[in-house]
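For reference, the structure discussed in these notes is given below.
Letters A, B, ... are given to chains in the order of the sequence lines, protein chains preceding strands, and every chain is numbered from 1.
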Number of protein chains: 2
Amino acid sequence: MPRPARVSYHDIKRAVTSRIQSRIWPQGTLLPTEAQLCAEFGCARATVSRALRELSDQGVVTRKRKSGTRVAILPPERARLDIPVTHRTVEDMGAAYTYALISRAEVATPAWLTAAIGAQENAPALHLTALHSADGAPFQLEERWILIAAVPNVREADFAAITPTEWLLAEVPFNDAEIAFSAIPADGNLPSLLNAAPGAPLFRLERTTWLEGAPVTRVHMTYRPGYQMRARY
Amino acid sequence: MPRPARVSYHDIKRAVTSRIQSRIWPQGTLLPTEAQLCAEFGCARATVSRALRELSDQGVVTRKRKSGTRVAILPPERARLDIPVTHRTVEDMGAAYTYALISRAEVATPAWLTAAIGAQENAPALHLTALHSADGAPFQLEERWILIAAVPNVREADFAAITPTEWLLAEVPFNDAEIAFSAIPADGNLPSLLNAAPGAPLFRLERTTWLEGAPVTRVHMTYRPGYQMRARY
DNA sequence: CTGTCCCTTATGTTTGGACATATCACGAGA
DNA sequence: TCTCGTGATATGTCCAAACATAAGGGACAG
């Protein structure tokens, strides 16, 4: 098989993954050193290095100085999940997106929340609920707390005109976030707002974001009955 | 501010993210070219290039040949989710892990499945159900179909001794996978097996994997009531 | 036998240089 | 006016060389 005039790091990635998948290098195997590989492929060490670094980022191999590079044991099923803003999710389904603010109030952060995110007791927060709809049918209910200390100008934001998610993305940088997925029963005002049978299972995404270690906002996004969140990898 | 003798691509990443977060470069801004940046930081273009490439991988900036590098508009909320094998999930909770095979049978792939994953009609499959427990309490119910054509030696596998996930990870490479999360009601045998109230909301993860475009296996993993799947990013 | 020091080795990073390639912008020709 | 080329430009990739750094392993002393 003729090899291209110049060997790309893509070629090396392909060759290595192929040997791993065909069990030429079973899991746990120590693979040749960068120097050996670049001799084999006839390219610079930087090229091999980049290929192996990217495979390491993907979790296909693990690398350690001096020890060398090994085929990862139990590839840790790593999925990259893109969570677009609801606006886009709905439009990608080919539906018309509409948004309505349901409630807005300044409150003291509830105790369960301060404990969960590491905020000060009774820190003032803006509490919002909003409904995102697809073709007029309820799609997602958003319940959000924004810590006013973290974003003082949130008081001036007009959340009837722009969704909290989009306002925050535009106004507030954040370093760190945590998400959690769970299944919850439709209770409280969920059945009527999301057009669900009482007690019906609903998919919920919770996200908390921090800036420099200080909590900024927490959101609960509860989807309409039957919603599935998907990802490929 | 004194700068280190040699500038690392980490320094550049920090400097760039800092300018983005502090709104010196608001979203959509075209940032200086690599050549300009490496003049500013006093380093080689390859160093700037690596920094910007990694920021691009993280979704912080978007790059296009000739056009240049821009601060990403609406950073697409990209989460990397690590889904360890159940074995590890349970042990990471500090609980004792046990596993039991509940049923094993060769069946024709059900029609809804062939349609969903692109398999042949009535393709023979191995159908398994198994229960994963933490400290003796049901933790996750696994229901799996393995296409025998894709993995002929699955007939010899002893799934009483090893979990299907771990056997497959060790035996079968795969290129491509899709996962979906949803909330489902506890019905059928779920209430008794997972110790859930009938109709209670349960979190479910579905995963399908392919090898060279041919489906290999589909699994439904249903978690005990109240389970949350978490990720940081 | 055990702990310390040092040498070796494999990966990690930077450099300065070169060529490749996508694509924007502009100008000539239809 | 519109279309098609063509050059300029910013990113994409590769190279050869060098130094940095973590860590395994052996020599040596206690």
Does A:R218 make a cation-pi contact with A:W210 (under 6.0 Å, within 45 degrees of the axis)?
no
All N/O pairs under 3.5 Å across the protein-nucleotides 20-23 of chain C interface:
{"from": "C:dT21", "atom 1": "O2", "to": "B:R65", "atom 2": "NE", "distance (Å)": "3.3"}
{"from": "C:dA22", "atom 1": "O4'", "to": "B:R65", "atom 2": "NH1", "distance (Å)": "3.4"}

What pattern of brackets, bars and dots sums up DNA chain C from 5' to 3', given Watson-Crick or G-U wobble pairs under 3.5 Å, [ ] for crossing pairs and | for another strand?
||||||||||||||||||||||||||||||
Any B:R50 side-chain N or O less than 4.0 Å from OP1/OP2 of C:dT13
yes
Check whether any side-chain N or O of A:R155 sits under 3.5 Å from a backbone N or O of A:L126 as a donor-acceptor pair, and report yes or no.
no
Output for pair (A:R204 CZ, A:T222 OG1), nearest 0.5 Å, gives 4.0 Å
Result of checking B:R144, B:R207, B:H87 against B:T165 for side chain to side chain donor-acceptor pair (under 3.5 Å)
B:R144
Side-chain touch A:V60/A:V71, heavy atoms, less than 4.5 angstrom:
no
Angle between ring planes, A:H132 versus A:Y99, binned at 30° and 60°: parallel, tilted or perpendicular?
tilted
Can you check whether A:T69 has a side-chain N or O nearer than 4.0 Å to OP1 or OP2 of C:dT11?
yes
Modelled atom types, side-chain donor and acceptor of B:S49 and B:E34, under 3.5 Å:
yes
Would you say A:S56 and A:R63 are linked by a side-chain donor-acceptor pair, where the criterion is simply a distance under 3.5 Å?
no
Position toward the 5' end of DNA chain C (nearest nucleotide), A:G68 or B:A46
A:G68
Please work out whether the ring planes of A:Y227 and A:F203 are parallel, tilted or perpendicular, with thresholds of 30° and 60°.
tilted
Is B:Y9 near enough to C:dT14 that one of its side-chain N or O atoms lies under 4.0 angstrom from OP1 or OP2?
no
Span of DNA chain D engaged by chain B, first through last nucleotide within the 4.0 Å heavy-atom cut-off, is D:dT9 to D:dT13
Got B:L147 and B:I117 here, is their nearest side-chain heavy-atom distance under 4.5 Å?
yes
Distance below 4.0 Å between A:T33 side-chain N/O and C:dT9 OP1 or OP2:
no
In whole Å, what is the span from the CD atom of B:E34 to the C1' atom of C:dT15?
15 Å
Quick one: sort the A:F139 and A:Y223 rings into parallel, tilted or perpendicular, breaks at 30° and 60°.
perpendicular
